[in-house]
Amino acid sequence: FSMQSPILFSAMIFSKEEVGNLSLALSLTALPIAIFGTSLGQAFYSDAAKLGQRNSKAIYELSKNTCIRLAFLSAIPALAIFFLSPIVFGALFGSAWSLSGDLAGYLSIYHAMQFVSSPMSNIVNIYNLKHYSLILNISRCSLVAFVFLSSHFMSLDIRITILVYSIMLLVYYSLYAYVLLSIPRK
């Protein structure tokens with residue numbers, strides 16, 4: 001649901017052309033995170049699970065080091081997408097899809113932090129704290145709904161809506177990583 005929620009909300013607010021542009025932008029920007037984020041998450045979980053719950057200090061260090069490495073790894077692609085996608089999308093897909101390039105640039109704002117924080121989601125499994133995941137996911141869904149409902153009532157265009165959405169998710173994923181990193185420190 002979380003990947004499709006911007007499409008579903010946008011379909012109620014914006015034109016089908018705008019929603020199509022958003023769909024293309026989301027599909028192309030989320031693909032690397034889906035591929036690499038899942039693999040990195042599994043590798044992180046394997047390493048952290050071997051350390052075990054009782055070795056919280058080592059899990060915290062592994063988590064912190066993983067976040068730092070992923071932040072450096074994601075910064076250059078995110079910046080490249082932010083600055084180049086408006087040009088590249090129009091050139092590759094034609095001028096009718098240039099809006100997708102703008103939206104992809106905005107989406108890159110949060111995708112970098114999502115990439116950094118996604119392996120950390122496995123911490124809740126190691127410590128058997130699945131209720132954290134539930135609370136964090138409900139929070140995310142509520143924030144996304146709030147952004148799109150606000151956009152609708154304020155009659156914001158799709159570019160501003162997706163920019164606000166991306167900034168909100170940047171903050172969310174930053175706090176998400178912080179909360180998950182605090183678990184092994186307890």
Side-chain angles (χ1 to χ4, degrees), residues 1-7 22-23 25-85 103-147 162-186:
F1 175 76
S2 64
M3 168 76 174
Q4 299 305 319
S5 62
I7 304 291
L22 176 59
S23 182
L26 274 168
S27 297
L28 293 180
T29 57
L31 187 62
I33 293 165
I35 293 169
F36 297 114
T38 302
S39 299
L40 290 168
Q42 291 169 345
F44 172 82
Y45 180 72
S46 175
D47 291 346
K50 286 176 190 169
L51 294 170
Q53 282 184 11
R54 294 187 183 160
N55 203 345
S56 290
K57 183 175 170 95
I59 291 175
Y60 171 74
E61 288 300 320
L62 173 67
S63 303
K64 183 180 77 171
N65 291 335
T66 300
C67 282
I68 291 168
R69 286 186 193 117
L70 293 179
F72 284 114
L73 184 64
S74 66
I76 292 172
L79 288 170
I81 292 168
F82 183 80
F83 289 110
L84 298 177
S85 64
L103 300 177
Y106 298 149
L107 293 168
S108 72
I109 293 170
Y110 87 85
H111 279 311
M113 193 62 206
Q114 181 184 23
F115 182 72
V116 170
S117 66
S118 65
M120 300 306 109
S121 64
N122 289 302
I123 290 174
V124 298
N125 296 325
I126 294 166
Y127 288 92
N128 200 23
L129 298 170
K130 292 185 175 70
H131 63 282
Y132 272 56
S133 284
L134 177 64
I135 292 166
L136 291 167
N137 285 325
I138 289 171
S139 300
R140 183 184 189 278
C141 290
S142 300
L143 289 168
V144 170
F146 175 75
V147 166
I162 298 305
L163 178 61
V164 170
Y165 166 77
S166 295
I167 292 169
M168 182 273 306
L169 284 180
L170 171 69
V171 171
Y172 168 82
Y173 282 116
S174 298
L175 291 172
Y176 181 85
Y178 176 79
V179 167
L180 294 176
L181 280 171
S182 70
I183 293 171
R185 286 192 277 179
K186 290 182 179 182

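The first residue of the sequence shown is numbered 1, and numbering continues consecutively from there.
- In this structure, CG in Leu107 is found 12.5 Å from CG in Leu170, a value given to the nearest 0.5 Å.
- Under the side chain to side chain donor-acceptor pair (under 3.5 Å) criterion, no residue pair touches residues 66-85, with sequence neighbours excluded.
- Of all the heavy atoms in Ala104 and Ala25, the pair that sits closest is N-CB, 3.7 Å.
- Residues Tyr176 and Ser121 come closest through the heavy atom pair OH-CB, 3.0 Å.
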Discussion item. For a side chain to side chain contact (heavy atoms under 4.5 Å, CB included) check, start with the C-alpha distance between Val164 and Ile167, then their side-chain angles and the critical distance, and finish with the verdict.
Written reply: CA-CA 5 Å; Val164 170; Ile167 292 169; 5.9 Å; no
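- Within 6.0 Å of CG on Leu31 lie more than 12 heavy atoms contributed by other residues, nucleotides or ligands.
- The shortest non-hydrogen separation linking Ser166 to Tyr110 is O-CB, 3.3 Å.
- In this structure, Ile59 CD1 and Ile126 CD1 are separated by 5.0 Å, a value rounded to the nearest 0.5 Å.
- The two residues Ser5 and Val144 make their nearest non-hydrogen contact at OG-CG1, 3.7 Å.
- Note that CZ of Arg140 and CE of Met168 are 7.0 Å apart. Values are rounded to the nearest 0.5 Å.
- Using a 4.5 Å heavy-atom threshold, the side chains of Tyr132 and Ile123 count as separate.
- One N or O on the side chain of Tyr172 and one on the backbone of Leu136 form a donor-acceptor pair closer than 3.5 Å.
- The structure places CG of Leu26 at 5.0 Å from CD1 of Ile7, a figure rounded to the nearest 0.5 Å.
- Residues Met113 and Leu169 have side chains not in contact (no heavy-atom distance under 4.5 Å, counting atoms from C-beta outward).
- Note: Leu28 CG to Ser108 OG = 13.0 Å, rounded to the nearest 0.5 Å.
- At distances below 3.5 Å, not a single donor-acceptor pair connects side-chain atoms of Ser46 with backbone N or O atoms of Ala43.
- The backbone N or O of Phe44 sits nowhere less than 3.5 Å from a side-chain atom of Asp47 that would complete a donor-acceptor pair.
- Closest approach of Pro6 and Leu22 over heavy atoms only: O-CD2, 3.8 Å.
- Here Leu180 contributes atom CG and Cys67 contributes atom SG; the two are 9.0 Å apart, rounded to the nearest 0.5 Å.
- Among all heavy-atom pairs drawn from Gln42 and Asn122, the shortest one is N-ND2, 4.5 Å.
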